[in-house]
Number of protein chains: 2
Amino acid sequence: MPVSLPSTEPSGDSVSRILAAAKDLFARHGYDHVSMNAVAGAAGVSKANVFHHFKSKDELYIRSLSQACEASRSSLDAMEEGDGDAWQRIRRFVDEHLDHMLSHSRDSRLILREVVENCPGTGQRLAQEVFRDNFNRLVAIIAECQREGALRPDLDPVFISTLLLGANVFFFQSQEVMRHLDGVDFADEPSRYGAMFVDILMRGAASGPVANEGEKP
Amino acid sequence: MPVSLPSTEPSGDSVSRILAAAKDLFARHGYDHVSMNAVAGAAGVSKANVFHHFKSKDELYIRSLSQACEASRSSLDAMEEGDGDAWQRIRRFVDEHLDHMLSHSRDSRLILREVVENCPGTGQRLAQEVFRDNFNRLVAIIAECQREGALRPDLDPVFISTLLLGANVFFFQSQEVMRHLDGVDFADEPSRYGAMFVDILMRGAASGPVANEGEKP
DNA sequence: CATCATACTGACCGACCGGTCGGTTTGTAA
DNA sequence: TTACAAACCGACCGGTCGGTCAGTATGATG
C-alpha cells in the first residue's frame, strides 16, 4: 500500500491556510472590507483556488465563523465549575470567559461583530447560538449560587448574568480605548478587572449602610 | 433688498438630505457596505451631486460622524447633575446616558462602531473623544460622590465609571439579542435595567454579610 | 500506460465601485 | 440683459469586485 502523504497534505494545507487567512482578515476588517483577492494573497494561493475549495465568499465566511463558534463552544464545554464557594465559582467563570475572549480574540471578534451588528442571516444565527449558550451556562451557575443562599433572593439570575457578560464583553471591546483614558490602569490586567468587578458585584459600592429599598435578608 | 430664501434652501436641503441619508445608511450597514450610489438614491439626488457637495466618500462619512459626535456632545452638556443624593445623581446619569443612546441610536451606532472596530483614522479619533468626554464626566460625578462619603473609599472612581458605561453600552448593543434570550424580560425596559443595575452597584448581590476582604468602613 | 479526479492558476467576465467630465439649469448681482 | 457662480446630472473613466473558464499539473487507480 503506497504511502501517499505528500499528495494529501497540499490540499489540506491549502484549505487550512485559506481558512486561517480568512478568519484573520474577516476578524480584523469585517466581511465587506475583505476581498477574496486579499484572502488568496494572505493564504498564498490564487483566487481561483479559493473558489475551487469554497463555493462563494459567503460560504468561506460562514465556514470561518462556524469554526470560531465551534472553538468557543469547546472552550465553554471545557470550563469546569470545580470546587469552591459560590462567589469563587462566579469569579472563576468571569475569569475564564474573559481569558478565553482575550486569548482567542480573532474568534471572539468574529462572533461579537455578528451579535452586535445585527444583520439577519446565518452568521448572526450561529453567533447568537454561541452567545446564548454562554448566557445559559452562566444563568445556571448564578441560579445555583442563589439556591445555595449566596445571592440575594430578590435578584434575577438572568439579570446578574447579563451584567457579568456585559462587563466582560465591554472590557474586550474597549481595551484599546481604555489604554488611552486618563486614570485607567487596568486595561492590561484582565484578572484584576475581574477581581474588582466581582468584588463590587458581591459587596456593592456604597459606603456604609444603605437605605433598605429592596428585600435583603 | 430681494428676499432670496427660495434660492438658498435647495442647496441646504440637498446637503441635509444627503447627510441624513448617509448617517442612516452608514449607521445601519457600516462604511464599507454603503455605496455612494445608495446614499444618492436615498437622498433623492444624483451621485455626481453628492460629489459636488462632498469631496469624497471619506469626507461624507467624517462629516456624518462629526455631526453625530456633536449631537452626542450636546446631549452630554445638557445633562444636569441637579439635586438629590449621590446615588440619585448616579442613577440619573445612567438613565440619561442610556436614554440618549437609545433615542439617538443612529448616532450612537456610528460612534460606537468606531470605538469598537478600532481602525486608526479620523473617525476613530472623533468617536474616542466623545467616548472620553462621557467617561470623564462620569468619573467626576463618581469621584464627587465618593468625596461626599457615599462610595467606599477603597474603590477607584475610574473603575466604577467603566462598569457604568459598560453596562449601558452592552444594553444598547445587545438589546436585539436579549429579546430572544429565555428569561430576559427587561430588554425593552431600559429604565428598569438601570434601576436594577444601580441597585446591585449600590448594595451588591451577595446575600448577608460578606467576608471582609477589602476595606469597607 | 490510460483514465479519472483533484488541485491549481492566468486570463477573463459582467457588475459595481469611487470619482470625473462636460453640459444644462438655476439663482444672483450688476 | 449679461455675466458669473452654484447646483445638478447623464455619461464616462479606470479600477476592483465576486466569480467563471479552459488549461495544466499532480496523484490515485486499475
Side-chain angles (χ1 to χ4, degrees), chain A residues 1-66 110 119 121-123, chain B residues 1-65 119 121-123:
Chain A
M1 180 166 170
V3 178
S4 60
L5 283 182
S7 68
T8 60
E9 282 191 18
S11 173
D13 195 26
S14 299
V15 174
S16 299
R17 275 192 281 121
I18 292 168
L19 277 168
K23 269 189 272 189
D24 191 49
L25 291 170
F26 285 139
R28 278 199 270 137
H29 305 294
Y31 180 84
D32 290 314
H33 193 78
V34 176
S35 69
M36 294 299 265
N37 229 5
V39 174
V45 299
S46 69
K47 189 177 57 160
N49 194 230
V50 177
F51 279 103
H52 175 80
H53 291 290
F54 301 87
K55 195 180 62 180
S56 64
K57 183 182 182 181
D58 192 57
E59 176 177 309
L60 176 62
Y61 178 73
I62 295 298
R63 280 279 301 282
S64 304
L65 180 66
S66 234
L110 276 172
C119 297
T122 303
Chain B
M1 179 167 171
V3 178
S4 61
L5 282 182
S7 70
T8 61
E9 283 191 21
S11 172
D13 195 26
S14 298
V15 173
S16 299
R17 275 190 283 122
I18 293 167
L19 277 168
K23 269 189 274 188
D24 192 48
L25 291 170
F26 285 138
R28 278 198 272 140
H29 305 296
Y31 181 85
D32 290 315
H33 193 80
V34 176
S35 70
M36 294 301 262
N37 229 7
V39 174
V45 298
S46 70
K47 189 175 60 160
N49 194 232
V50 177
F51 279 104
H52 175 80
H53 293 289
F54 301 88
K55 195 180 61 180
S56 64
K57 184 181 181 182
D58 191 59
E59 177 176 308
L60 176 61
Y61 177 73
I62 295 298
R63 279 279 301 281
S64 304
L65 180 66
C119 297
T122 303

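Chain identifiers are assigned alphabetically (A, B, ...) following the order of the sequence lines, protein sequences preceding nucleic acid strands; residue numbering begins at 1 within each chain.
Comparing C:dC8, D:dG10, D:dG19 by their nearest atom to the side chain of A:His52 picks out C:dC8. Distances were taken from every side-chain heavy atom of B:Lys47 (C-beta onward) to each of C:dG18, C:dG10, D:dG10; the shortest belongs to C:dG18. Of the listed nucleotides (D:dG18, C:dT9, C:dG18), C:dG18 has the atom at the smallest distance from the side chain of B:Phe51. If you check C:dG10, C:dA7, D:dG10 against the side chain of A:Asn49, the one that comes closest is C:dA7. Of the candidates C:dG18, D:dC8, C:dC21, the closest approach to any side-chain atom of B:Ala48 belongs to C:dC21. Side-chain proximity of B:Val45 to C:dC8, D:dC9, C:dT20: nearest is D:dC9.
Residue contacts shown for A:Val34 are limited to sugar-phosphate atoms, with no base heavy atom under 4.0 Å away.
Rounded to a whole Å, the NE2 atom of B:His33 is 13 Å from the C1' atom of C:dC17. Rounded to an integer number of Å, the gap from OH of A:Tyr31 to P of D:dC17 is 13 Å. Atoms CE (A:Met36) and C1' (D:dG15) sit 19 Å apart, rounded to a whole Å. Rounded to an integer number of Å, the gap from NZ of B:Lys55 to C1' of D:dA6 is 19 Å. Atom-to-atom, CZ of B:Phe54 to P of C:dT20 comes out at 15 Å; the value is rounded to the nearest Å. What separates CG of A:Asn37 from P of C:dC16 is a distance of 19 Å, to the nearest Å.
A cation-pi arrangement is not found for B:Lys57 relative to B:Phe26, the charged atom failing to lie both closer than 6.0 Å to the ring centre and inside a 45° cone about the ring normal.
At least one side-chain nitrogen or oxygen of A:Ser14 sits closer than 4.0 Å to the OP1 or OP2 atom of C:dC8. OP1 or OP2 of C:dC16 has not a single side-chain nitrogen or oxygen of B:Ser35 nearer than 4.0 Å.
The two residues B:Ile62 and B:Gly123 come nearest to each other via the heavy atoms CD1-N, 3.7 Å. Closest approach of A:Leu25 and A:Val34 over heavy atoms only: O-CG2, 3.3 Å.
Proximity of B:Asn49 to B:His52: side-chain heavy atoms (C-beta onward) are separated by under 4.5 Å at one or more points.
A donor N or O paired with an acceptor N or O is not found under 3.5 Å between the base of C:dG19 and the side-chain atoms of B:Lys57.
With A:Lys23 contributing its side chain and A:Leu110 its backbone, the two residues share no donor-acceptor pair below 3.5 Å.
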